[in-house]
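So that the names make sense, note that chain A is the first sequence line, chain B the second, and so on, each numbered from 1. Predicted, not measured: the structure shown is a model, and the values here were computed from it.
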Protein chains: 2
Amino acid sequence: MGRIAGSSGARTAASIRRAGLRLIYRRGFEAMSLRELAAEVGIQAASLYNHIRTKQDLLFDLIREHMERLLAHTDLALAAAPAGAEDRLRAFVASHVTYHLERKHEVFVANFELRALDPRHFAAIVALRRAYEEKLVAVLDLGVARGEFRIGDTRITAYAILAMLTGACTWYKPEGRLTKQEVVALHTGLVMHGCLGLAPTEGRSGTGLAALSRDS
Amino acid sequence: MGRIAGSSGARTAASIRRAGLRLIYRRGFEAMSLRELAAEVGIQAASLYNHIRTKQDLLFDLIREHMERLLAHTDLALAAAPAGAEDRLRAFVASHVTYHLERKHEVFVANFELRALDPRHFAAIVALRRAYEEKLVAVLDLGVARGEFRIGDTRITAYAILAMLTGACTWYKPEGRLTKQEVVALHTGLVMHGCLGLAPTEGRSGTGLAALSRDS
DNA sequence: GGGTTAAACTAACGGTTGGTAGTTGGTAAG
DNA sequence: CTTACCAACTACCAACCGTTAGTTTAACCC
C-alpha cells in the first residue's frame, strides 16, 4: 500500500500532536509507545516518522510550544494592565488561571515530563520557565518597592503562588461545581490577601482580623 | 552461585525500597527498569523477586507507606494543637511543609506516579489522599463556622493551599538560601493571610490595605 | 498528463522489558 | 550437626521498544 486517498500532511501532523499530548498526559511519556500513538492517529508506527524526527523531539516540541504560547499570553495580559502592582498581580493571576484551566493536558505534560527530556532540551525549557517566573517576580518586586505588598521573599513567594495556581488544573473539570470565573476569583482572593497581608510573624497572633488591623 | 555471605533479607529489602524511591523520583516509574534498580542495589534483576511481588507492587507499597506516615504525622500535629481554627491551620501548615521538605522523593512519587498504578491500587491511594485533604477541609470549615476565616469554598481553598505547600519541595534544597524554618514561616504567612482576608471580590479595589479595612 | 514529491505501507533490526524456572550455597533453628 | 529455608545466582522467555529501509501510491506542479 502507498499513500492513502485524502490524506494530508498538515492534518496528520496536527493529529499526532493532539493524540500525543493526550496520551502523554494520560499514560506518561515513557509509558506511551509510538505504536500506541500511531494507532490513535490511525496510521502505522513507522509512518509517524514522516512527521516527527524522534519521540524525544515530539515531547520537546509540545512543551516548547506550550511555554511560548504561555509567555505570549501573559505578555498580552500584563501589557493591558495598569501600572499599579496590585492591578498587575490581579492581571497575572487571572491570566495564569484562565489559561491553565483551558490547557490541562499541556500544563501537566510541561510540568511533569521535564525529566524525560535530554539535557539539551531540558535546559531550553528551564530557561523558558525561568523567564515566566521572572514576570511574576517582577510584579511582586514592584509591589514591594511601592510598599503595596508585605511579603518576605519575592522569588519564593512567586514559586508558591505559581504552584497554587497551577494546581487548580489538576482537579478542575469544566462540568464541575464551580465555573472558571469562580475558580479565578477564589484564587485571586487567596493570592491578593496573601500578598497584601502582614509579613509572616514568628510568634502567635490573636484573631485574624485583629492581626490584620495591627498592621494597618 | 547461591546465597552470598553476609546477606540479609531485611537489609536487601530496605535497600530496594530506598533505591527504588530514588530511581523512580529521578527517572520515573516507567523509565526505571528492574535491571537498573537491581544494579543500584547490587544484585541481579531476578533476585529482586525474592523481595517484591511485582514492579507495580513496589510502587504501590512505596506510595501507600508514604501516605500512611503522612496521615499519622498530621494527626499527631493536630492533636497537639489548640482548639482554635487559626492555631489548627497554623499547625497543619507547619506540619505539612516540614514533613514534605524532608521527604522530597516520596512526595514526588506519591503525587506524580499515581497514573502508573493499576485501577485497584489507584483507588486505594486516592482514598488516602482524600482522607488527608479532609483534615485540612475540616480545619477550614471550623474557621468559617467560628467566623475566623473569610474564604469562598473550603474544599477548593484546601486544594489550593495543598498545591502551594507541596510545591515547596520541588525547588527546596537543604543547602539553599533559605532554612527550613524560613520556608515554613513564609508559607504560613501566605496561607494565614489568604484565609483570614476578605472573600474574593469581583470588582476592582483600591490599595490592598484599604481593601482589607473595608471589611473589618 | 508526466514527473516529482508527500505520505502512507510492510518488514525487520538490535536491544530491552518484566517476569519465570530451576539451581546453589549461606544461615539459623532444632 | 543436620535439615529446612532463605536469598542469591544463571538462563531464558515472549513481548515490546524506537527506529530504519525499502516500496507503493495519491496529490500536486508545470
Who are the side chain to side chain contact (heavy atoms under 4.5 Å, CB included) partners of Tyr25(A), not counting sequence neighbours?
-> Lys104(A), His105(A), Phe108(A), Val109(A)
Those residues at least two apart in sequence (or on a different chain) that pass salt bridge (charged side-chain N to carboxylate O under 4.0 Å, His left out) with Glu36(A) are Arg27(A)
With a 3.5 Å cut-off and sequence neighbours excluded, list the donor-acceptor pairs that the side chains of residues 64-73 of chain B form with protein atoms.
| unit_1 | atom_1 | unit_2 | atom_2 | d |
| --- | --- | --- | --- | --- |
| Glu65(B) | OE1 | Arg17(B) | NH2 | 2.6 |
| Glu65(B) | OE2 | Arg17(B) | NH2 | 3.1 |
| His73(B) | ND1 | Ser95(B) | OG | 3.1 |

So which protein nitrogen or oxygen atoms get under 3.5 Å of nucleotides 13-17 of chain C's nitrogens or oxygens?
| unit_1 | atom_1 | unit_2 | atom_2 | d |
| --- | --- | --- | --- | --- |
| dT17(C) | OP1 | Ser33(B) | OG | 3.3 |

Check the pair Phe60(B), Arg120(B) against side-chain contact (heavy atoms from CB on, under 4.5 Å), reporting the backbone distance first and the verdict last.
-> CA-CA 10 Å; Phe60(B) 175 63; Arg120(B) 248 196 149 65; over 6 Å; no
Atom pair distance, as rounded to whole Å: CG in Leu58(B) and C1' in dG18(C) = 13 Å
Value in whole Å for how far the P atom of dT10(D) lies from CG of Leu48(B) = 14 Å
Spacing of Leu23(A) atom CG relative to dG18(D) atom P, expressed in whole Å | 12 Å
For Ala46(B), which contact category applies under a 4.0 Å heavy-atom criterion: base, sugar-phosphate, or nothing?
-> base
Would one find a side-chain N or O of Thr12(B) under 4.0 angstrom from OP1 or OP2 of dA7(D)?
-> no
Can you give the donor-acceptor pairs under 3.5 Å from side chains of residues 38-49 of chain B to other protein atoms, not counting sequence neighbours?
| unit_1 | atom_1 | unit_2 | atom_2 | d |
| --- | --- | --- | --- | --- |
| Glu40(B) | OE2 | Arg22(B) | NH2 | 2.6 |

Look at the side-chain N and O atoms of Thr54(B) and state whether any lies under 4.0 Å from the OP1 or OP2 oxygen of dG18(C).
-> no
Apply ring pair (Phe, Tyr, Trp, His ring centres under 6.0 Å) to the pair Phe112(B) and Phe29(B), showing each step before the final yes or no.
-> CA-CA 10 Å; Phe112(B) 304 127; Phe29(B) 176 71; over 10 Å; no
Spacing between Gln44(B) atom CD and dG25(C) atom P, to the nearest angstrom = 16 Å
Roughly, in whole Å, what's the span from NE2 in His51(A) to P in dA6(C)?
-> 11 Å
What residues form a side chain to side chain contact (heavy atoms under 4.5 Å, CB included) with Thr170(B), not counting sequence neighbours?
-> none
Atom-to-atom span, CG of Asp57(B) to C1' of dG18(C) - whole angstrom | 13 Å
Within the modelled atom types, does a donor on one side and an acceptor on the other bring the side chain of Asn50(B) and the base of dA8(D) under 3.5 Å apart?
-> yes
In whole angstrom, give the distance that lies between atom OH of Tyr49(A) and atom P of dC9(C).
-> 15 Å
Whole-Å gap separating C1' (dG18(C)) and CG (Leu37(B)) = 12 Å
